[in-house]
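Structure first, then comments.
Chain letters run A, B, ... following the sequence lines, proteins first and then strands; every chain starts at 1. In this text, all values refer to a predicted model and were calculated from it rather than measured experimentally. These numbers come from the heavy atoms of this one structure, side chains and all, not from hydrogens, waters or symmetry mates.
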Number of protein chains: 4
Amino acid sequence: MCANRVGEHKQETRIQAKNRAAIKRAALKVFSENGFLGSTLDQIAAACSMSKPNVLYYFSGKEAIHRALLEELLDNWLAPLRHMDPDGEPISEILAYVDRKLQMAQEFPMESRLFANEILQGAPRIEDFIRHDLKDLVDEKAAVISGWVEAGKIAQVDPYHLIFSIWAMTQHYADFEIQVRLILPDGTDPYEGASTYLHTLFVSLLTP
Amino acid sequence: MCANRVGEHKQETRIQAKNRAAIKRAALKVFSENGFLGSTLDQIAAACSMSKPNVLYYFSGKEAIHRALLEELLDNWLAPLRHMDPDGEPISEILAYVDRKLQMAQEFPMESRLFANEILQGAPRIEDFIRHDLKDLVDEKAAVISGWVEAGKIAQVDPYHLIFSIWAMTQHYADFEIQVRLILPDGTDPYEGASTYLHTLFVSLLTP
Amino acid sequence: MCANRVGEHKQETRIQAKNRAAIKRAALKVFSENGFLGSTLDQIAAACSMSKPNVLYYFSGKEAIHRALLEELLDNWLAPLRHMDPDGEPISEILAYVDRKLQMAQEFPMESRLFANEILQGAPRIEDFIRHDLKDLVDEKAAVISGWVEAGKIAQVDPYHLIFSIWAMTQHYADFEIQVRLILPDGTDPYEGASTYLHTLFVSLLTP
Amino acid sequence: MCANRVGEHKQETRIQAKNRAAIKRAALKVFSENGFLGSTLDQIAAACSMSKPNVLYYFSGKEAIHRALLEELLDNWLAPLRHMDPDGEPISEILAYVDRKLQMAQEFPMESRLFANEILQGAPRIEDFIRHDLKDLVDEKAAVISGWVEAGKIAQVDPYHLIFSIWAMTQHYADFEIQVRLILPDGTDPYEGASTYLHTLFVSLLTP
DNA sequence: TATGAATGAGAATTCATTCAT
DNA sequence: GATGAATGAATTCTCATTCAT
């Protein structure tokens, strides 16, 4: 009746993999622009040049496409923070984290906006992820940072707000991209300026 | 035929003022949570305990309610930055701006999310505002900040990214409120911690 | 609770008479342009600068306004034909009928269109009138015309189709006014030309 | 997303052709009885035993169905007059035109009423057609008729009013069909009588 | 796999009418 | 008499989803 869906682990054929990927690519664009409720299957089908029923052959519904996107996104969402090495040089580690987050914003702005849409709408589908996966990781890294503070390796800062500020300032360039582009003088590269600015900012903040 | 609508400037009766305000209050909640497309008149009508046709007696349509909210919002959106005094003490002025923005996030989180929703969706209704009103003001204040830098009164920073970072970090507490609350240890007040953190951050960044 | 309506024969005050007349004038315009179903109370109320509830103070509903108009119209609708004198000079009588009908089309085009709308829509509200009042009168006058034919006073014609043709050609200038105006050379008066043409036509048709 | 609509010229499938035709047939009935504003999609859907959304699968909206009907109608509307041959025998040509118009009224009364409804309502959708296509043709044929008059081949008549009278008297049998049937003695065929009457009328009018 | 066809549930909006003053 | 306020019942149209092939 209907082919491999998320969770059914039959072998995916080449063409299935291709089409599922095309659908997800299209859906990411649509969902990130309009939010879940504001997006329609028609838009997604049009964006990947498939018929609506064919899209539904690959995913059981609009919700399922969205879930698939979110799952993939969340898998990658934690990586940059997870990489922060408790045994590394604190300021370098933090700057490296900032860089990775900024790079993700630059390379995957639609994913960032998909996430932002979810949170803005009260995180109905990812509350569990935030409450557990994300919170556990943040708690862990906050403890690391607190350790660095106590060891006098970085200046006194609240680790939670430090992390929030990194998220806010990096994701801002993806989520508010339009505003950033409209306001920055023409020809200015947002990410280049952002990188320099953020380095300065965190170095001055964290240097003990 | 239908009650005074935006643009018709007959004197508003008591009951009209009350109902229009109730509708806007309800609509702000609904729009800020679901975005324009994701919101329905049913939700708005339910949220203000009115019948749908009665809501439409006061506003000519969903779009008109949204427009009214946005117009009111934009009127206030520029105020905090506008207050930044070129003749004041630079670091105090910037910190005061941060405080005002943070206070707005705390007092008007739904307005912040309404704005965020608009930007996330490509700013279809407020591009003009950003391109002109907001950009002009930012340009003006960026020049002021550059003046302060050149005068050696604050450290060397890019004024545009400085402003973006203030927006990002303050609005984050409203726009990503759920995430912030889910991650911060129980009993912690986000805005108190944020205020302290941001002061430290900008003092260390800007002190020459 | 509510003032004199059709059928209630209390004395009408000056202002009531004025308002009822204003409503009917407005409604005639609206109904004749849009038909019964296509017209709205809003349009009527706007056209007579009254509030909708006030219109309904004078007439119990949309249907009642329409009924009142139709009743008045039908009262006058038969008059021209009724005037045709069995004892008059046949051709003069018929030409006089044509003239009266043409004059009515010119003076009361909206009434003609109101009637045309009714007939076009299957005469739901005036079937009785047509079936009885109008048919009886037509039968009577058809007999008169047949008498004239038999007496050799006018040429041999079917009296029913003769009457239909008078209706068709005179009402046409009211009902299809737009088309007539768009097609006639600029500056031509439709009714002047029509009068001449119809005289010629009926004289040549009827002269034995 | 949706089936071929007017203007998209993909090959129509069998079932599409069938359904589109069924919708148009139903809509013609409904629109010709109630006018555009007075007709509802519900009526049309019911009249062709389809669900409302399915009707909208074939036409993008109520307006589109109406437009399709009107376009088809106008295509055929000019044909009878166009056939009038400048080189034919004048009276025969005119009588033949009358016959064709009368036949159209008999065979396509709903189309005639659709047209009448449009004109009655001020020709909002076909003003252009009348002002250009129809007027040009009438001007052309009026010139032909004038030629015949000047050549002494037919009696002196105004060609425009001649044409109007043909329209009026033939379309009358379709547009006012109900009235005609209610008034004519039972068992009388309207079109038979009309044909005879009109022949007599135009022969006596036009014979020099 | 893929798609044309179909639909029930809902969305925005209109409209005749009623209520209350 | 007059009107601001309110609403139930349509009405047009959209959309996720299903059916049949």
Side-chain angles (χ1 to χ4, degrees), chain A residues 1-3 13 15-16 18-19 37-45 50-65, chain B residues 1-4 10 12-16 18-19 37-45 50-65, chain C residues 1-3 13 15-16 18-19 37-45 50-65, chain D residues 1-4 10 12-16 18-19 37-45 50-65:
Chain A
M1 105 186 358
C2 120
T13 68
I15 198 166
Q16 281 176 355
K18 190 177 117 279
N19 280 340
L37 291 167
S39 301
T40 73
L41 276 182
D42 266 329
Q43 295 172 309
I44 296 170
M50 293 170 93
S51 69
K52 233 184 332 178
N54 204 20
V55 167
L56 291 169
Y57 174 76
Y58 288 101
F59 291 90
S60 61
K62 180 177 158 179
E63 180 82 35
I65 306 177
Chain B
M1 167 190 295
C2 84
N4 303 341
K10 295 181 190 159
E12 228 181 23
T13 68
R14 198 99 18 92
I15 201 166
Q16 277 175 13
K18 189 178 118 276
N19 281 339
L37 290 167
S39 301
T40 74
L41 277 180
D42 265 326
Q43 294 172 311
I44 296 171
M50 286 178 161
S51 71
K52 230 185 325 180
N54 203 23
V55 169
L56 291 169
Y57 175 72
Y58 289 100
F59 290 90
S60 60
K62 181 177 157 180
E63 180 83 34
I65 306 177
Chain C
M1 110 188 348
C2 119
T13 68
I15 197 166
Q16 281 175 358
K18 190 178 117 280
N19 280 340
L37 291 166
S39 300
T40 73
L41 275 182
D42 266 328
Q43 294 172 310
I44 296 171
M50 293 171 92
S51 69
K52 233 182 334 178
N54 203 21
V55 169
L56 291 170
Y57 174 77
Y58 289 100
F59 291 91
S60 62
K62 180 177 159 180
E63 179 82 36
I65 306 176
Chain D
M1 165 191 297
C2 84
N4 302 341
K10 293 180 191 164
E12 229 182 22
T13 68
R14 198 102 14 96
I15 199 163
Q16 276 174 15
K18 189 177 118 278
N19 281 339
L37 290 168
S39 302
T40 72
L41 277 181
D42 265 326
Q43 295 172 310
I44 296 171
M50 285 179 160
S51 71
K52 232 184 323 181
N54 202 22
V55 169
L56 292 168
Y57 175 71
Y58 288 100
F59 290 91
S60 61
K62 181 178 157 178
E63 179 83 35
I65 305 178

(Q) Let me check I have this right: for DNA chain F, each base becomes ., (, ), [, ] or |, based on Watson-Crick or G-U pairs with both distances under 3.5 Å. What is the full string? (A) .||||||||||||||||||||

Q.
Applying side chain to side chain donor-acceptor pair (under 3.5 Å), can you list everything that pairs with A:Asn19, at least two apart in sequence or on another chain?
A. A:Tyr58

Q: Look at the side-chain N and O atoms of D:Gln16 and state whether any lies under 4.0 Å from the OP1 or OP2 oxygen of E:dA5.
A: yes

Q. Below 4.0 angstrom from OP1 or OP2 of E:dA6, is there any side-chain N or O of D:Asn19?
A. yes

Q | Rounded distance in Å - CE (B:Met50) to P (F:dA5) | A | 10 Å

**Q.** Upstream residue (5' side of DNA chain F) when B:Lys18 and C:Ser51 are each assigned their closest nucleotide
**A.** C:Ser51

Q.
Can you tell me if B:Asn54 touches the phosphate of F:dT7, counting only side-chain N or O atoms and a distance under 4.0 Å to OP1 or OP2?
A. yes

Q: Please state whether the phosphate of F:dA5, meaning OP1 or OP2, lies under 4.0 angstrom from any side-chain nitrogen or oxygen of B:Tyr57.
A: yes

Q. Once you round it to whole Å, what is the distance between C1' of E:dA6 and CZ of D:Phe59?
A. 16 Å

Q: Measure from CD1 on D:Ile44 to P on F:dC13 and round the result to the nearest Å.
A: 10 Å

**Q.** Residues that C:Lys62 engages under salt bridge (charged side-chain N to carboxylate O under 4.0 Å, His left out), provided they are two or more places apart
**A.** none

Q: Could I get the full list of salt bridge (charged side-chain N to carboxylate O under 4.0 Å, His left out) partners for A:Lys18, not counting sequence neighbours?
A: none

Q.
On the nucleotide F:dA2, are OP1 or OP2 found under 4.0 Å from the side-chain N or O atoms that C:Tyr58 carries?
A. yes

Q. Separation of C:Gln43 atom CD from E:dT14 atom P, in whole Å?
A. 13 Å

Q. Once each nucleotide of nucleotides 15-21 of chain E is scored for protein heavy atoms under 4.0 Å, what B/S/- sequence comes out, 5' to 3'?
A. BBBB---

